[in-house]
Amino acid sequence: QVQLVESGGGLVQAGGSLRLSCAASGSDFSIDAMGWYRQALGKQREMVAGITRGGNTNYADSVKGRFTISRDNAKNTVYLQMNSLKLEDTAVYYCAAEVRRGWGPTKNSWGQGTQVTVSA
């Protein structure tokens, strides 16, 4: 089994910053792409940012210029630096990873989610 554990969520004022971390643990696996998704109350889950193993990134238009995704392959960890936070960023944030066991196929793994609340 591969576990993804998020940390760093919490309550922050609008205009502030927050840094999320997600670490993958287990055995006999490797990770290809990693990313962050979020789901606000009453809305569908949406992709926030993604990053390949080689470091190529992509972002939702709503967070471009404010959020930065990065990863540490040696630690199997992905980060999301969130700056200039807005009320609309309030959501449960989920870490996701494409996990490969040996040379087998990749499968998506998801963290349990961490709440980010932005207050006025």
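We count residues from 1, following the sequence as given.
- Under the 4.5 Å side-chain criterion, counting only non-hydrogen atoms from C-beta, Leu18 is in contact with Leu85.
- Across all non-hydrogen atoms, the minimal contact from Ile69 to Gly35 is CD1-CA, 4.1 Å.
- In the hydrophobic cluster analysis, where Ile, Leu, Val, Met, Phe, Trp and Tyr join through side-chain heavy atoms closer than 4.5 angstrom, Val92 is grouped apart from Leu80.
- One finds the CG atom of Asp32 at 13.0 Å from the CD1 atom of Ile51 (value rounded to the nearest 0.5 Å).
- Nearest heavy-atom pair, Cys95 versus Val78, reported as atom, atom and distance to 0.1 Å: SG-CG1, 3.8 Å.
- Screening residues 78-92 for salt bridge (Lys or Arg N to Asp or Glu O under 4.0 Å), with sequence neighbours left out, gives Arg38-Asp89, Arg66-Asp89.
- Note that OG1 of Thr52 and CD of Glu98 are 10.0 Å apart. Values are rounded to the nearest 0.5 Å.
- Residues Ser25 and Asn76 are not in side-chain contact: their nearest non-hydrogen atoms beyond the backbone lie 4.5 Å or more apart.
- For Glu6 (side chain) and Thr114 (main-chain N/O), no donor-acceptor pair under 3.5 Å exists by modelled atom type.
- Atom CH2 in Trp36 sits 8.0 Å away from atom CE in Met82 (nearest 0.5 Å).
- Smallest separation of non-hydrogen atoms from Ile31 and Ala97: CG2-CB, 4.0 Å.
- Taking each heavy atom of Leu87 and Ala120 in turn, the nearest pair found is CD2-N, 3.5 Å.
- No hydrogens or angles considered: a donor-acceptor pair under 3.5 Å links the side chains of Ser17 and Asn83.
- Nearest heavy atoms, Ser70 versus Arg19: OG-NH2, 4.4 Å.
- Ring-centre distance between Tyr37 and Trp110: below the 6.0 Å cut-off.
- No continuous path of ILVMFWY side-chain contacts below 4.5 Å connects Tyr79 to Val116, so the two sit in separate hydrophobic clusters.
- Across all non-hydrogen atoms, the minimal contact from Ala24 to Leu4 is CB-CD2, 3.3 Å.
- Once rounded to the nearest 0.5 Å, the distance linking CZ of Arg45 with OH of Tyr94 reads 5.0 Å.
- Thr106 places no side-chain N or O within donor-acceptor distance of the main-chain N or O of Arg100, the cut-off being under 3.5 Å.
- For the pair Met47/Tyr59, no side-chain contact is recorded, criterion being any heavy-atom separation below 4.5 Å from C-beta on.
- Residue Asp28 qualifies as open at atom CG: its count of foreign heavy atoms under 6.0 Å is 12 or below.
- In this structure, CD on Gln3 lies 9.0 Å from OG on Ser109, to the nearest 0.5 angstrom.
- With hydrogens and angles disregarded, a donor-acceptor distance shorter than 3.5 Å links the side chain of Thr77 to the backbone of Lys75.
- Taken to the nearest 0.5 Å, the CZ atom of Arg53 stands 4.0 Å off from the CG atom of Asn73.
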